[in-house]
Amino acid sequence: MIRTALPAEAGIIADLHLKARSTYYPDGVPQSDVDWVDAWRGSIERADGRVLCAVERGRIVGIASFRTPDGAPADKVKLFQFHVDPDHWRAGIGTILHAACVEEWRADRRRTAVLDVHVDNRRAQAFYARQGWIPDPENPPAEDDHHLDLLFSVPPRE
């Protein structure tokens, strides 16, 4: 089931976020002064964004956070976070969650979606490619950049 996340679930979502991020940092997740529970609560409560979660047997197993990037046109959306619990990889959850995002984007009349993905996260890059994301030709990575910018053309309603 896909549904909107609740502010009270910010701690659960932050834990899933950390668990998923831990899989693609070769030397462990870098230290951060970000309070991720507070950050997730803020994302959930934003009037101009959405946080969707995939729920299986009453447990959150996937999350997606998106909104219009600052200064961007209204028909553009940025997928800021997209994570599936590693214990549930290859079960179709990411594909279902991504499809729900696309439906939201269509309903909101978005035409283009963007995201950045960590260069060491080859699994995510392959997933996004299967969903139709391509490298953003207007934002190629710099030589020392740790992220790749990807672009997705939101298909029109049929």
Taking the six-membered ring where the residue is Trp, are the ring centres of F127 and F82 under 6.0 Å apart?
-> yes
Heavy-atom pair of closest approach, residues G49 and R67 | CA-CB, 3.6 Å
Pair R50-I44, side-chain contact (heavy atoms from CB on, under 4.5 Å): steps then yes or no = CA-CA 6 Å; R50 295 288 307 272; I44 293 166; over 6 Å; no
Side-chain ion pair, D75 and R109, N-O less than 4.0 Å | no
Do you know which two heavy atoms are closest between R106 and P155, and how far apart they sit?
-> NE-O, 2.8 Å
Take the angle between the ring planes of F66 and W105 and call it parallel below 30°, perpendicular above 60°, tilted in between.
-> perpendicular
What is the distance from atom NE2 of H146 to atom CG of N121, rounded to the nearest 0.5 Å?
-> 14.5 Å
Spatial distance of atom CZ (R21) from atom CD (Q81) [nearest 0.5 Å] | 7.5 Å
Which heavy atom of L97 sits nearest a heavy atom of H83, and at what distance?
-> CD2-O, 4.4 Å
Considering the options D85, V55, L6, which one meets the side-chain contact (heavy atoms from CB on, under 4.5 Å) requirement together with I60?
-> V55
Chi angles and distances behind the side-chain contact (heavy atoms from CB on, under 4.5 Å) call for L18, W36 = CA-CA 9 Å; L18 177 62; W36 284 106; over 6 Å; no
Donor-acceptor side-chain pairing of R46 and S65 below 3.5 angstrom | no
Decide side-chain contact (heavy atoms from CB on, under 4.5 Å) for Y128 and L79; before the verdict, give the C-alpha distance in whole Å, the side-chain angles of both, and the deciding distance to 0.1 Å.
-> CA-CA 11 Å; Y128 291 127; L79 184 59; 4.3 Å; yes
Separation between CD1 of I63 and OG of S43, rounded to the nearest 0.5 Å = 9.5 Å
Hey, are D87 and K19 close enough for a salt bridge, meaning a charged N less than 4.0 Å from a carboxylate O?
-> yes
Could you pull out the closest heavy-atom pair between A113 and V154, with the gap in Å?
-> N-CG2, 4.3 Å
Could you point out which residue of L151, T112, L148, D116 forms a side-chain contact (heavy atoms from CB on, under 4.5 Å) with D136?
-> L151
Closest approach of V117 and A124, non-hydrogen atoms and distance?
-> CG2-CB, 3.9 Å
Atom CG of L52 and atom NE2 of H98: how far apart are they, to the nearest 0.5 Å?
-> 11.5 Å
Please check if I96 and W133 belong to a single hydrophobic cluster, counting links between Ile, Leu, Val, Met, Phe, Trp and Tyr side chain heavy atoms closer than 4.5 Å.
-> yes
Same cluster or not: are V84 and F80 linked, directly or through other Ile, Leu, Val, Met, Phe, Trp or Tyr residues, by side-chain heavy atoms under 4.5 angstrom apart?
-> no
Find out if a path of hydrophobic residues (ILVMFWY) with successive side-chain heavy-atom gaps under 4.5 Å connects V37 to I13.
-> no
Indicate, with yes or no, if I2 and V51 share a hydrophobic cluster defined by side-chain heavy-atom contacts under 4.5 Å among Ile, Leu, Val, Met, Phe, Trp and Tyr.
-> no
Residue pair H17 / W40, side-chain donor-acceptor N/O under 3.5 Å = yes
Q125 and H118 have their tightest heavy-atom pair at NE2-O, 3.1 Å
Any donor-acceptor N or O pair under 3.5 Å, side chains R111, S153 = no
Determine the sole option in R3, R41, R59 for which the salt bridge (Lys or Arg N to Asp or Glu O under 4.0 Å) test with E9 is passed.
-> R3
Are any of the side-chain heavy atoms of L150 and V114 separated by less than 4.5 Å?
-> no
side-chain contact (heavy atoms from CB on, under 4.5 Å) between V119 and H147, worked out = CA-CA 5 Å; V119 294; H147 290 86; 5.6 Å; no
